[in-house]
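A short write-up of the structure that comes next.
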Amino acid sequence: MEVPVLNMQGKQVGTLSVDELALGGEGLASAYRGDEAATRSRFVALPGQEGRWYRTGDRVRRDLQGQLHFLGRLDELNDALEVVPRDLA
């Protein structure tokens with residue numbers, strides 16, 4: 001699986017730049033089951049990149065050591081994924 005940080009022109013952004021995390025390569029799902037609109041918006045071909053890519057919606061930055069740092073979401077998914085400790089018991 002490839003895990004670059006790409007802008008929507010399909011260009012890999014430099015170290016310390018902030019942009020959206022994209023996933024591509026072997027093992028990538030092909031679609032959201034039963035949701036064609038979400039599939040079209042998230043599973044995309046990016047100019048200059050081979051294959052199909054998944055736009056995660058995660059804002060990230062790659063540090064000088066190559067580690068990714070999650071900086072937030074580009075959409076409203078944060079509210080949908082809230083976990084309350086009592087739900088884990």
Side-chain angles (χ1 to χ4, degrees):
M1 175 87 40
E2 297 177 55
V3 188
V5 180
L6 303 172
N7 63 25
M8 288 319 298
Q9 290 73 43
K11 304 281 187 197
Q12 194 160 348
V13 298
T15 301
L16 302 180
S17 295
V18 174
D19 222 310
E20 184 174 13
L21 181 66
L23 301 175
E26 192 173 327
L28 182 68
S30 60
Y32 281 111
R33 185 176 181 181
D35 193 339
E36 291 180 33
T39 297
R40 280 191 303 276
S41 70
R42 293 291 187 181
F43 292 88
V44 299
L46 295 173
Q49 302 291 325
E50 290 187 29
R52 194 166 162 144
W53 292 85
Y54 176 66
R55 296 178 49 215
T56 66
D58 294 330
R59 284 182 58 239
V60 298
R61 178 182 61 234
R62 190 177 305 275
D63 67 21
L64 295 172
Q65 288 74 39
Q67 298 295 310
L68 289 171
H69 298 265
F70 176 74
L71 303 174
R73 294 285 304 165
L74 297 170
D75 57 25
E76 67 284 346
L77 190 58
N78 279 341
D79 293 336
L81 293 179
E82 180 178 356
V83 175
V84 179
R86 72 176 180 279
D87 294 339
L88 299 175

To the nearest 0.5 Å, atom CZ of Phe70 lies from atom CG of Leu21 at 10.0 Å
Closest non-hydrogen atoms of Ala22 and Trp53, given as atom of the first, atom of the second and distance, are CB-CE3, 4.0 Å
If only atom types and distance count, is the side chain of Thr39 paired as donor or acceptor with the main-chain N or O of Tyr32 below 3.5 Å?
-> yes
Check the pair Glu20, Val60 against side chain to side chain contact (heavy atoms under 4.5 Å, CB included), reporting the backbone distance first and the verdict last. CA-CA 6 Å; Glu20 184 174 13; Val60 298; over 6 Å; no
Donor-acceptor contact below 3.5 Å, side chain Arg42 vs main chain Arg55
yes
Heavy-atom check, side chain of Arg61 versus side chain of Leu68, under 4.5 Å: no
Could you see if Val5 belongs to whatever hydrophobic cluster contains Val3? Use Ile, Leu, Val, Met, Phe, Trp, Tyr and a side-chain cutoff under 4.5 Å. yes
Salt bridge Arg59-Asp19, side-chain N to carboxylate O under 4.0 Å: no
Here the gap from His69 atom NE2 to Asp58 atom CG, rounded to the nearest 0.5 Å, amounts to 14.0 Å
key: Test item: Asp63 and Thr15 side chains (from C-beta on) under 4.5 Å apart, heavy atoms   = no
